[in-house]
Number of protein chains: 2
Amino acid sequence: MIAETPPGVRRRTPRGQGRARLVAAAAELFAENGVSGTSLQAIADRLGVTKAAVYHQFTSKDEIVIAVAEPVIGVLESIADAAASADPSESQAIAIAGLVDLALSERGTAAIVRRDPTMARLLDAHEPYARQIARIDALLLGPSPSTDRRLALAFAGGGIMAIGALPGFDGPAEQVRAGLIAAMTRALSI
Amino acid sequence: MIAETPPGVRRRTPRGQGRARLVAAAAELFAENGVSGTSLQAIADRLGVTKAAVYHQFTSKDEIVIAVAEPVIGVLESIADAAASADPSESQAIAIAGLVDLALSERGTAAIVRRDPTMARLLDAHEPYARQIARIDALLLGPSPSTDRRLALAFAGGGIMAIGALPGFDGPAEQVRAGLIAAMTRALSI
DNA sequence: GTCTATAGATAGATAGAC
DNA sequence: GTCTATCTATCTATAGAC
């Protein structure tokens with residue numbers, strides 16, 4: 001009989017780290033080739049394991065796709081919370097800064113979440129995402145928005161995600177961040 | 001012996017029309033599911049034919065992808081030509097109006113051309129596309145552009161294509177067009 | 001947590017009849 | 001221009017040993 005792992009003994013791979021590594025690898029590949037263009041084999045290859053090992057952590061590809069989106073949804077919720085609880089005169093600026101930081105920190109992932117057809121289809125059926133997006137949109141639109149303002153928001157949404165998809169934009173990070181916040185603000189100044 | 005089709009007699013399917021129908025069907029499917037998410041079987045099904053019939057018109061899937069992008073490239077060239085030959089004080093406005101009209105008329109296709117990973121990879125190796133994009137970018141950036149202006153252009157590029165991907169934006173078409181031109185102009189007013 | 005092995009479906013692509 | 005039939009490769013997913 002083989003002894004069980006005694007409590008407190010370090011495993012070769014810390015708890016949950018295999019899963020996190022897998023999600024990170026999947027996110028990179030999704031950003032490069034799209035969700036449909038990424039096979040489980042490709043994910044396994046990047047990790048240096050077999051497909052079966054991938055299926056040990058997730059029961060389906062869809063589950064991996066959702067797992068990739070989850071951190072972004074969490075950040076969206078934080079942004080909506082922060083903007084909603086701030087003074088109304090500041091809520092828009094807070095939302096814009098949050099979205100810019102999200103696009104810059106998550107880069108490819110944020111872009112994939114917004115523009116990949118497979119991801120979009122899964123997230124539409126995933127209530128938490130739709131709810132946070134709706135909250136932020138409402139904050140940025142204000143009450144009874146004009147058609148022009150709704151156009152401007154859709155435009156700005158595409159703009160911010162296009163930036164996330166760019167390979168590291170040159171110039172100091174702080175200048176890029178400030179430039180993007182200015183671009184978003186300009187787009188919504190109507 | 002069967003007589004050959006006499007000259008001048010109308011064929012059941014006009015010359016080249018099968019090809020055009022195929023490209024249109026492929027463009028729709030690419031917009032809905034992405035290039036990787038669209039099989040040749042799916043294209044054939046939408047046309048009510050078999051895969052073999054598709055392979056009669058195109059020798060590979062890549063060729064279909066390029067054929068879908070070709071009309072967009074043609075329009076980009078017209079835009080660049082028109083803007084370049086106009087008075088410098090008007091060239092930016094002409095380019096913006098042209099891009100907005102392209103995004104609105106081609107809708108899904110224009111968006112796919114800009115954001116699908118498979119399409120992007122093929123077009124990067126397709127000189128005509130890169131050349132026209134470079135011409136238009138140069139026109140919109142002007143000489144020795146600042147980092148902020150290059151950021152603004154990338155932002156605007158994402159914005160305009162996000163609009164194309166939207167399902168028919170409500171409001172009168174003319175208002176949508178004017179709103180988009182205003183959004184693009186605002187984005188580049190730096 | 002990783003492996004080998006494989007099922008079952010579907011992918012892109014080809015051959016040849018009509 | 002369209003078909004049936006088929007090839008080979010790859011896909012998602014499962015079973016079961018270590």
Side-chain angles (χ1 to χ4, degrees), chain A residues 1-7 9-26 29-30 32-68 116-119 121-122, chain B residues 1-7 9-26 29-30 32-68 116-119 121-122:
Chain A
M1 191 178 179
I2 298 170
E4 293 187 285
T5 307
V9 165
R10 188 168 290 123
R11 292 171 182 78
R12 238 179 318 168
T13 305
R15 198 187 279 278
Q17 185 166 318
R19 202 181 151 99
R21 275 205 336 132
L22 199 160
V23 169
L29 288 164
F30 290 169
E32 287 166 26
N33 310 312
V35 175
S36 286
T38 301
S39 66
L40 294 188
Q41 184 66 65
I43 296 172
D45 287 350
R46 177 153 302 196
L47 294 170
V49 301
T50 62
K51 276 185 296 179
V54 171
Y55 272 104
H56 178 72
Q57 313 259 15
F58 293 93
T59 65
S60 72
K61 188 181 177 181
D62 282 1
E63 214 177 84
I64 300 177
V65 177
I66 292 288
V68 166
D116 186 277
T118 306
M119 182 72 87
R121 207 159 291 146
L122 276 173
Chain B
M1 192 178 178
I2 299 171
E4 292 186 286
T5 307
V9 164
R10 188 169 288 121
R11 290 171 184 78
R12 238 179 319 171
T13 305
R15 202 186 275 280
Q17 184 167 316
R19 204 181 150 100
R21 272 200 344 127
L22 200 161
V23 170
L29 287 165
F30 290 169
E32 288 167 25
N33 311 312
V35 174
S36 287
T38 301
S39 66
L40 294 190
Q41 185 66 64
I43 296 173
D45 287 350
R46 176 153 302 197
L47 293 171
V49 300
T50 62
K51 273 188 297 180
V54 171
Y55 273 104
H56 177 71
Q57 313 259 18
F58 293 93
T59 65
S60 72
K61 187 180 179 182
D62 282 1
E63 217 178 81
I64 300 177
V65 177
I66 293 289
V68 165
D116 185 278
T118 306
M119 182 71 88
R121 206 159 291 145
L122 276 174

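Since this is a predicted model, take the numbers as computed values, not measurements.
- Judged by closest nucleotide on DNA chain C, A:T50 is the one of A:T50 and B:A52 placed further toward the 5' end.
- The interatomic distance linking A:R21 (CZ) with C:dT2 (C1') rounds to 12 Å, in whole Å.
- Closest approach of A:F58 to A:A67, counting heavy atoms only: CE2-CB, 3.8 Å.
- If you take CZ of A:F58 and P of C:dT2, they are 13 Å apart, rounded to a whole angstrom.
- Position along DNA chain D of the nearest nucleotide to B:A53 versus A:S60 favours B:A53 as the more 5'-ward residue.
- Remark: B:K61 NZ to B:L122 CG distance equals 10.0 Å, nearest 0.5 Å.
- Between A:A26 and A:I64 the shortest heavy-atom distance is CB-CG2, 3.7 Å.
- For the residue pair A:K51 and A:A44, the shortest heavy atom distance occurs at N-CB, 3.7 Å.
- Toward the 5′ end of DNA chain D lies the nearest nucleotide of B:G48, the other residue of the pair B:G48 and A:V35 mapping further downstream.
- Of the options B:T118, B:D116, B:V65, a side-chain contact (heavy atoms from CB on, under 4.5 Å) to B:F30 is made by B:V65 and by none of the others.
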Which pairs, protein N/O on one side and nucleotides 8-11 of chain D N/O on the other, fall under 3.5 Å?
| residue | atom | partner | partner atom | Å |
| --- | --- | --- | --- | --- |
| D:dC11 | OP1 | A:S39 | OG | 3.1 |

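- Nearest to the side chain of A:Q57, among C:dT2, D:dT2, C:dA13, sits C:dT2.
- Minimum atom distance to the side chain of B:H56 is reached by D:dG1, of the listed D:dG1, C:dT2, D:dA13.
- Separating the CG atom of B:D45 from the P atom of D:dT2 is a distance of 14 Å, rounded to the nearest angstrom.
- C:dT14 atom P lies 7 Å from atom OH of B:Y55, rounded to whole Å.
- Across all non-hydrogen atoms, the minimal contact from B:R121 to A:E32 is NH2-O, 2.8 Å.
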